[in-house]
Participant: 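The structure's right below; bear with me while I get my questions together.
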Amino acid sequence: DSKGTDVYRDKEGTGVYMLFPDWAYKPAWSPGSRQVQLWHFLLELLGRGEGGAIGWGGEWGEFVIRDPERLARLWGERKGKPHMNYDKLSRALRYYYNKRILHKTKGKRFTYKFNFSKLILVNYPEGSQCVKAKAWVTS
DNA sequence: GACGGAAGCA
DNA sequence: TGCTTCCGTC
């Protein structure tokens with residue numbers, strides 16, 4: 001544990017391990033949790049390595065939405081919004097630009113990037129545990 | 001597709 | 001406050 005996102009390189013040197021704090025994974029309606037936030041949900045799917053609707057991109061913190069409408073449907077199910085679609089979900093992502101949670105990877109379709117340092121600095125609570133997720137780096 | 005204003009909702 | 005809904009613009 002530490003104040004930042006912990007990063008470990010694996011033995012093969014092909015990937016890095018990241019430690020996300022537990023609030024990024026807290027289920028929507030578990031005791032003590034607030035309404036799930038979109039970027040928590042994205043980290044949850046990415047950390048799970050679920051691999052279908054969303055996945056890590058080439059750069060650190062970058063992710064690619066592989067199936068926008070499926071991601072929107074999953075998000076809609078979580079929030080109880082059956083008419084959610086990528087147009088609406090992407091508007092929510094664009095509100096993250098000014099909050100400095102995310103930014104767009106320009107020129108790359110469906111590709112965004114987390115500003116991890118800001119995320120951790122602002123939201124890391126006292127005494128939280130971490131869970132391990134895996135992110136791949138290129139070359 | 002991506003952007004961002006505007007209004008609405010809990 | 002953090003989206004959701006809708007939409008005009010590029």
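Note that the coordinates shown come from a computational prediction; the quantities given were computed from them, not determined experimentally. Proteins come first, then strands; the chains are lettered A, B, ... in the order of their sequence lines, and each starts at number 1.
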Participant: Against the six-membered ring of A/Y95, is A/R91 placed for a cation-pi contact (under 6.0 Å from the centre, within 45° of the normal)?
Facilitator: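 Relative to the ring axis of A/Y95, which defines the angle, A/R91 lies inside both limits.
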
Participant: Can you find a side chain N or O atom of A/W75 that sits less than 4.0 Å from OP1 or OP2 on C/dT4?
Facilitator: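 Yes.
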
Participant: Figure out the NZ/P separation between A/K79 and C/dG2, and round it to whole Å.
Facilitator: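 My rounded result for the distance is 11 Å.
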
Participant: Can a salt bridge be assigned to the pair A/K104 and A/E62 using a cut-off of 4.0 Å between side-chain N and carboxylate O?
Facilitator: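 Salt bridge flag = no for A/E62 with A/K104.
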
Participant: Rounding to a whole Å, what distance do you find between A/L42:CG and C/dG2:C1'?
Facilitator: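 Between C1' of C/dG2 and CG of A/L42: 14 Å.
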
Participant: When we call it a touch if two heavy atoms are under 4.0 Å apart, what does A/K104 touch: a base, just sugar-phosphate, or nothing?
Facilitator: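 Since only primed, P, OP1 and OP2 atoms lie under 4.0 Å of A/K104, the category is sugar-phosphate.
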
Participant: Atom CG of A/L102 to atom C1' of C/dC3: distance rounded to whole Å?
Facilitator: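 Rounded to the whole Å, the gap is 14 Å.
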
Participant: Can you find a pair of side-chain heavy atoms, one from A/E44 and one from A/R78, that are under 4.5 Å apart?
Facilitator: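 In contact.
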
Participant: Looking at C/dC3, I'd like to know if its phosphate oxygens (OP1 or OP2) sit under 4.0 Å from a side-chain N or O belonging to A/Y96.
Facilitator: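 Yes, such a contact exists.
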
Participant: Roughly how many Å is it from CD in A/Q37 to P in B/dA10, rounded to a whole number?
Facilitator: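 Between P of B/dA10 and CD of A/Q37: 18 Å.
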
Participant: Looking at every heavy atom in both A/A92 and A/L38, which two are closest together, and how far apart are they?
Facilitator: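 Shortest heavy-atom separation between A/A92 and A/L38 comes out as CB-CD2, 3.6 Å.
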
Participant: With a 4.0 Å cutoff (strictly under), does any side-chain N or O of A/Y95 reach OP1 or OP2 of B/dG4?
Facilitator: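 For A/Y95, the contact criterion (side-chain N or O under 4.0 Å from OP1 or OP2 of B/dG4) is not met.
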
Participant: State which of B/dA7, B/dG4, C/dG2 makes the closest approach to the side chain of A/K99.
Facilitator: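 My answer, after comparing the listed nucleotides, is C/dG2.
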
Participant: In whole Å, what is the span from the OH atom of A/Y97 to the C1' atom of B/dG1?
Facilitator: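 Interatomic distance, OH of A/Y97 to C1' of B/dG1: 11 Å.
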
Participant: Taking atom P of C/dT4 as reference, at what distance in whole Å does atom CZ of A/F41 sit?
Facilitator: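 Result: 11 Å.
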
Participant: Grab the CG-P distance between A/N98 and B/dA2 for me, whole Å please.
Facilitator: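 Going from CG in A/N98 over to P in B/dA2 covers 18 Å.
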
Participant: Please find the pair of heavy atoms, one from A/A53 and one from A/L74, that lie closest to each other, and give the distance.
Facilitator: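 Taking A/A53 first and A/L74 second, the nearest heavy atoms are CB-CD1, 4.2 Å.
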
Participant: So, A/R73 and A/E69, do they make that salt bridge, N to O below 4.0 Å?
Facilitator: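 Judged by the 4.0 Å cut-off on N to carboxylate O distance, A/R73 and A/E69 do not form a salt bridge.
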
Participant: Give a yes or no on whether a donor-acceptor pair under 3.5 Å exists between the nucleobase atoms of B/dG4, that is its base, and the side chain of A/R94.
Facilitator: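 In this structure, the two groups form a donor-acceptor pair.
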
Participant: Checking the side chain of A/K88 only, and the main-chain atoms of A/H83 only, is there a donor and an acceptor separated by less than 3.5 Å?
Facilitator: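 At least one qualifying donor-acceptor pair exists.
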
Participant: If you look at every strand shown and take non-hydrogen atoms under 4.0 Å, does A/L38 touch a base, only sugar-phosphate, or nothing?
Facilitator: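 Sugar-phosphate, no base atom in range.
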
Participant: Identify, residue by residue, the members of residues 80-88 of chain A with a heavy atom below 4.0 Å from DNA chain B, and return them in order of residue number, or none.
Facilitator: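 By residue number: A/Y86.
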
Participant: What's the NE2-P distance between A/H103 and B/dA2, to the nearest Å?
Facilitator: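 From A/H103 NE2 to B/dA2 P: 15 Å.
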
